[in-house]
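No experiment lies behind these values; they were computed from the predicted model shown. Only this structure's heavy atoms are used, side chains among them; waters, hydrogens and symmetry mates stay out. Below, read A as the first sequence line, B as the second, and so on, with proteins coming before strands; counting in each chain starts at 1.
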There are 2 protein chains.
Amino acid sequence: MPVFTDYSTLSRDLRVLPSFAPPLPRVSPKFDPGSEEKYEVIIAGAGPAGLFLEVLLARYGLTDASLLCIDLKPSALKSGQADGLQPRTLEVFQSLSLADEIIQSGCQMWELAFWNPTTAPKNIERTSIVPDVSVPARFPHEVTIHQGRIERILEDDLRRYSTRGVQRSSQLTRVVIDEAGDPEFPVEVDIEGPSGTRTVRTKHLVGADGAHSLVRRSINIELEGETSDFIWGVVDFVVETDFPDIRRRCAIHSDKGSVMVIPRERIATGEYLTRLYVHVQDEVAPDSDIVVKEGAESDKKSKAKARREKISLESILAQAQEVFKPYKIRPRRPDAVDWWAAYQIGQRVSESFTKQDSKGVNRVFIVGDACHTHSPKAGQGMNVSMMDSYNLSWKLIHSLNGLTPQIGSGDKVLDTFQTERLTVAKQLIAFDKEFSSMFSGQIGPEDDQEGGLTHEQFLEVFSTGNGFTSGCGIEYPENLLVDKIHIEGLIAGTDYLSGVLRPGRRLLSVKVKRHADGNKRELQDDFPSTGRFRILCLTSTDLLDASGDSSKALNHISQILSKFPKGILELVILHSLSSNTFDWPDLPEVVKAQAEMQFYNGTDLDDAYRIYGVDPKKGAVAVVRPDGYIGTVASLDNIDGIYAYLRGSLREVETTAN
Amino acid sequence: MPVFTDYSTLSRDLRVLPSFAPPLPRVSPKFDPGSEEKYEVIIAGAGPAGLFLEVLLARYGLTDASLLCIDLKPSALKSGQADGLQPRTLEVFQSLSLADEIIQSGCQMWELAFWNPTTAPKNIERTSIVPDVSVPARFPHEVTIHQGRIERILEDDLRRYSTRGVQRSSQLTRVVIDEAGDPEFPVEVDIEGPSGTRTVRTKHLVGADGAHSLVRRSINIELEGETSDFIWGVVDFVVETDFPDIRRRCAIHSDKGSVMVIPRERIATGEYLTRLYVHVQDEVAPDSDIVVKEGAESDKKSKAKARREKISLESILAQAQEVFKPYKIRPRRPDAVDWWAAYQIGQRVSESFTKQDSKGVNRVFIVGDACHTHSPKAGQGMNVSMMDSYNLSWKLIHSLNGLTPQIGSGDKVLDTFQTERLTVAKQLIAFDKEFSSMFSGQIGPEDDQEGGLTHEQFLEVFSTGNGFTSGCGIEYPENLLVDKIHIEGLIAGTDYLSGVLRPGRRLLSVKVKRHADGNKRELQDDFPSTGRFRILCLTSTDLLDASGDSSKALNHISQILSKFPKGILELVILHSLSSNTFDWPDLPEVVKAQAEMQFYNGTDLDDAYRIYGVDPKKGAVAVVRPDGYIGTVASLDNIDGIYAYLRGSLREVETTAN
C-alpha cells in the first residue's frame, strides 16, 4: 500500500525480540556485595535440578551479581541418562514457554502394553494396552528425550537473562556456615576453578551436586536407604525386531525374566531409538556410594564388583533376546547402539533437605539426586529433581526480595520447602520400591499363580501409581502454604486427580473462553511461572447483581490486592453465564479494571465448575501459588479466609512501610 | 541410581541440539563456482518474502556458497507494518516448527464483531459477533504480531543453516540476462555494498525487493492497476476506552465513517496494543509510485500531496472518536501511541512474475510486494508474499538439484510458479477491491437502505471471502502439478473448504491415531516442509486381505517409490479398521517397511475418510506436494495415474542414470 506518512516509537523496534518474563517486585534493600565476591544464591551443580533453579531465579529477576551457578563439567554437552519427562513437568515447562521443542522433537509415549508369560511356542503374549497416562493432564503422555537436550534448552533460555551463564570447570571444595564472619552472608565456600581456589560468601547455597553431594556431606546429612540385589542393564539402540509393540512402552514379564521397553526419539538418520531395561539374572551385593562401613561390607562389595564387571552389552542383549522369544530383537547394525549401562536398583532419601543458621533461617538446601536416589523405571529422576528446584525457587526469591511475611524468627515460607519436598521424596521411594520389586519379580501365566504375581496385581500398582508417576497427583501436606480447610458443601467430590479443587494439589488446566475477545485458551496459560500468587474467583450466577455475593466478593478481593506489593498478586475470574449476553458495564467494575484479559466463560468449553467441584450457584475462591498448586479455597462470603492465607504467605505493604 | 558401567557413542552428545531439517537429495552435479563469485540463487531483499525464501532454500540444503540474500537495511530491527498472520500461514510455520513463539506471544483473533449505525444517542450498535475464521483450519484464528518479530524468528532459524545470514547494507544496482557471457549463470547483477560495487553471476535471481522493485523494472515488467481515492489512517496504541469490543476485531460503520479495530499483542508494560484503521473523509488523487505519466497526472499528484500532508495523528484520532461516539476512545497516555501512518488504498499486480532466458528457463522471479500491492485490511500482505516464496522455494530447489523431469525445453515445473501465484494474486486484488470499497462505503441503519449497503451484504462478502483471507481456501488452477482429474464416485462432496480432497487445495489437517504407538497426532505433522512429495494412501476396508485392492495398491506404490530418487517421496497410510485388532504381520509388508511411523487409524479420532470425502470401502490415493497442496487423486486400482502424475513432477532414477 502507498504509505505517505509513517511514525513509530523507538520501543517498537525492541518488540522483535522474544518476550522476557517480568521480574518480581523487590521490597528488600538492593543487593550490594561491596568489594568482596558475595552472592545471594550460589548453586552447586548444573544438571537438570541446578540449571532449572538458575533459570527460574534469573527469570524472577536475580542478576549475575546476585546469582552464581558452578559446575565441574567444562561444557553442557556431556549428559546423563534420565531421559523421560512426565506430564506435570511438561505443564511446568509450558508455563515457562519452554515446552515446544520438547514436545515436537521428543518421543511422545501414549500407550503402555503389558506382555506376560504364556505357553510355548508363544512364550509371551500381550495381555492389554492401556493409556500411558490415565489421569487428566494438559499433555496426556510422557515424553522421552535426551537429558542433554533438556539442559541445552534450559541453558539457551538462561543466556537470555544471564551474561555469565554457568561458571564451568569449577567445583566446591569446602562449605561452612560461619555467622560470626558475616551474619548476612553466613555461608562460606571455597570454589576451585581453572585459575585456582577462591573463598566466596553467599546468603544461600543450594546443593544440586548429585548423589555424592559435597554440599550434603558438608552439612552432615546422610542418604538413608539401601541398594537392592536387583541388577539391570539398560541399552539405547536402533532395533531390528518383529516384536509388534516396539514403539509402545511395554512391561514384559516372561519365564526368562523381565524387560521394560521405552520408545525414544527419532535421530538424525531418520531412525527411532528404543531403550530396553533388562533384568540381569545375577544377584550381586549392594553397591554403596554412601555410608561405607568397614570390614565385612567392603569385602562383600569387592566380590560384587567382580561379578558386575562380567556384565557386558552382549550379555544384556542376549538376556533381552531370551525374554523376547519367539520374537527377534537385535541392533539394526553393529554401530546402532547409542548408549548402554548396568546398574543396581537403590532407593535412598536424606533425613533433611536443609540446614538452618542459629536464627532458624534455612541457609543451605539440597535438591535432586543430592537428597534422593531411586530406580529409573518409573521415569522420575529428572522430573522430581527439577520439581525440587521449582518448589524452592519462588520461596527463595520471595525471601530475598522481602516478599515473605515476618512471622517469628527465621523464614517460615522457606521452611515449607523441606516439608513439601521431603514428603514427596518419601512417597517416591515407597512407590519405587514397590514398583521395582514387582517389576523385577515373576509373573505367572494366568493358570499358574503359585508364589508369583498376577497381572492384575501388577496393573493395580501401575494404575494407582499413575497419579504419582505422572506428577499430576502430587499432594503437598498441610503447612503454612497449604491450608486444607474444608467447608461443608463448598467443593463437591473427592476425585482430586480429575480436577476437584484440593489445597496442596496443582490446578488442573481446563479450556475456557475469554470474554474480551472470544479466545479459547488453556486456563493454565494465565498461571505462568513468574513467581506470582493468583486469586482464582469462580463467580456465582448472581454476578450481574450489583449487590450479590459475587460482586461483594470481587470488591473485597480488590481491596486485598492493594494490601500486598504491586504485581505480586493477580486476579483470574470465571463465570458460568451465557457468553455475549452482557457487556462490561453490567459487571462489577473490578472485573474490567483488574482482570479484563483474565475473565472467562467457565462452562462454554470445558465445564470448569463441574471439574473443579464448584456449584455455579454458590461459586468459590481459590488461591493458586506461584508454582500452580492450590494454597487454599474459600466461599465467596469468606474473603477474609483468603486474606488470612495470603498474610501467611506474603508480606503486606503496610508492614514494609514501617 | 548406582551405575557401574556406562558407554555412549559420540553422536549421542550431538543430539542435544535442535533438530535440523534433512536436506534434499541432489542428483545434479555439485555446484562449483570456480574462482569467480557465482551463485545458484541470489535473493534481492530480506523482508518477509525474501527472508522466508532464504530460510526455505537453506533448509532444503543450499549452502552459503550457492545462496546469497542481500538487503539494503543495515540490521533486521527496522520493520514494516504488515502485522497479521493468517491460519494457512500459521500451518506453514508449524510445518517448519516455527509457529510456537508466534502463537504464544502474538495476539490471537478469534472473533469479529460488526457494529452498524443506529439512531442517536446510541449512534452505533453491535449487530453480531462471528468467528474470525469460519473455515476449518488447524489454528482457527488469525494472529497479530510485529512483522519485525516474524523477520527475527526467520533470521534466527536461518542462522542455524547459514553462517553468512543476510548480506546487509547491500543492494542491486543493475540486472541483465546475458547468456553469451556464461550460459549456466546467465543472470549478471551489480551489487553495491559497503566496500564498493561488484559484478556477480547467478543461475537464478529472485526479486523480493518491494513495490519499487529494481528487479521487476530491470526485466521490464510493470505493475498494473490503480490507487483508489480512499484515504485511511492507521494507528497502533494502548487505548483508554469504554467501547466493549476493543479486544475483538471489529468492522464499525457509523454515519460518521468507518473504522476497523484490530486487537494486537501484549507489550512489555503488560498492556495490550490496539490497531485502528480509520477512513479519513477527504478525497485525494491517486498516488502513483509506478508508471508515472507526465503532465496532468503529475500536476494532480502534487495537489494530492499537499492535501495528504494535512493528515496528522490528531486528525486520525479525532475522526476515530467521531465514529466511536458515544463511546470514548483515546491513547491511555500521551506516549501510548506506538506507530501511525496514512495511506491510500491501491491494488496493482504485474502481468508476469518471471523472465525466461532464450531456452525458456525461468531465470528471474519476483515475489511479494514486487509483483502485487493491495490494501492492508484483509490482512493479506505478509501472508501472500511469504506464500509466493513458499510456492517458489521447492520448485527452485528441485530444479537446481536435478529432481525435476526433463520434458521439452526449459523447466516446466518452474513455469508453474507463475501459473499458480499469478492466479492467486489476481484473486487477491479482486477480493481486496470489493472488500475495501465496501468497507470504505456507508452502511445504513436497517430501515434506511437508500443507496447504501446492508449489513447482510457486507457480511456475505466477508464470509465468502473467509476461505480466501484465511489462506485455507486457496485453489491453484489446473497445471502440470495440479491434475484435477475427476473420477465419478471416488471423492464425495464438493465442500472443499471443509476438507474434501481437491487437487490444487491444501490438505486439511485431521487428528489421527498412530498404529505403532497410539500417538494422537495432527496428520499435517507428517507433511513437514522439507521439500518432499508424499503419497497419502487411504486404504479400503480390505486392507487385511493379502489379495485385496489395498494390498495391491500398496505393493504397486512400493514399486513406484523405488523409481524416484531416494528420499524425495514418502508414504503416509490411513486405515479405517478398529485399532489394535491386528498386528504388523496381518498387514501388507510395505506398511511396516515403508511407513511404520506414518500409519494411522483414520476414524478413531476425526473421521478422516468422511472429511476427505473418501468411501472407506473403496479407499483412495492422493499425491501431496511439498507445499501441502494436493497434486492429484486416484482410485486404489489406478496407481498408474499416480505414477503418471509423479513422472510429470519428478525426475525418475532411470533418467538420471543415462
Side-chain angles (χ1 to χ4, degrees), chain A residues 1-9 12-13 15-19 22 76-79 97 100-101 104-105 108 110-111 129 146 148-149 151-152 227 244 247-248 263 267 270 272 287 289 308 311 313 338-346 373-376 516-520 580 583-584 597, chain B residues 1-9 12-13 15-19 22 76-79 97 100-101 104-105 108 110-111 129 146 148-149 151-152 227 244 247-248 263 267 270 272 287 289 308 311 313 338-346 373-376 516-520 580 583-584 597:
Chain A
M1 61 184 187
V3 171
F4 46 76
T5 309
D6 188 358
Y7 158 86
S8 68
T9 58
R12 187 166 187 273
D13 284 349
R15 287 210 316 282
V16 305
L17 301 172
S19 309
L77 289 187
K78 182 78 186 92
S79 55
S97 296
D100 184 59
E101 183 182 335
Q104 292 215 29
S105 299
Q108 299 179 14
W110 286 76
E111 291 184 338
I129 294 177
H146 197 338
R149 186 143 176 184
E151 294 178 16
R152 194 222 87 232
T227 301
R247 294 308 306 168
R248 292 187 173 94
I267 58 177
Y272 291 79
D287 173 66
D289 60 330
R308 290 194 304 258
I311 298 171
L313 173 62
D338 191 57
W339 172 75
W340 72 272
Y343 65 95
Q344 273 171 288
I345 296 178
T373 68
H374 39 84
S375 84
D517 60 1
N519 192 334
K520 294 172 185 174
N580 301 337
D583 275 328
W584 295 111
M597 296 297 271
Chain B
M1 60 185 187
V3 172
F4 46 78
T5 309
D6 189 359
Y7 159 85
S8 67
T9 58
R12 188 166 184 273
D13 284 349
R15 289 211 313 281
V16 305
L17 301 172
S19 309
L77 289 186
K78 182 79 185 93
S79 54
S97 295
D100 184 59
E101 183 182 336
Q104 292 216 28
S105 298
Q108 300 178 12
W110 285 76
E111 290 185 340
I129 295 178
H146 196 339
R149 188 144 176 182
E151 294 178 14
R152 194 223 86 232
T227 302
R247 294 308 305 166
R248 292 189 173 91
I267 58 177
Y272 292 80
D287 173 66
D289 58 331
R308 288 195 304 259
I311 297 171
L313 173 63
D338 191 60
W339 172 75
W340 72 273
Y343 64 95
Q344 273 171 288
I345 295 178
T373 69
H374 40 84
S375 85
D517 61 0
N519 193 334
K520 294 171 186 175
N580 301 338
D583 276 327
W584 295 111
M597 297 296 272

Apply the side-chain hydrogen bond (donor to acceptor under 3.5 Å, both in side chains) test between B:S19 and each candidate in A:E101, A:Q104, A:R149; give the one that qualifies.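 Among the candidates, only A:R149 passes.
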Is there a side-chain contact between A:R152 and B:L17 in this structure, where contact means two heavy atoms from C-beta onward sitting under 4.5 Å apart?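 Yes; the side chains approach each other to less than 4.5 Å.
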In terms of heavy-atom proximity below 4.5 Å to chain B, should A:D583 be classed as side chain, backbone, both, or neither?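 For A:D583, side-chain heavy atoms alone lie under 4.5 Å from chain B.
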Could you look at A:P244 and say if it's the side chain, the backbone, both or neither that has a heavy atom under 4.5 Å from chain B?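 Both the backbone and the side chain of A:P244 come within 4.5 Å of chain B.
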Among A:N519, A:D100, A:N580, single out the residue with the greatest number of heavy-atom pairs under 4.5 Å to chain B.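 Result: the option with the highest number of such pairs is A:N519.
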Heavy-atom contact with chain A under 4.5 Å, split by part of B:P22: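 It is neither, since no heavy atom gets under 4.5 Å.
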Pick one of side chain, backbone, both or neither for B:I129, based on which atoms fall under 4.5 Å of a heavy atom in chain A.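 Side chain only.
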Write down the atom of A:R247, the atom of B:D517, and the distance for their closest heavy-atom approach.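 Minimum heavy-atom contact is O-CB, 2.9 Å.
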Using 0.5 Å steps for rounding, measure from the NZ atom of A:K520 to the CH2 atom of B:W110.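 Rounded to the nearest 0.5 Å, the NZ-CH2 separation comes to 5.5 Å.
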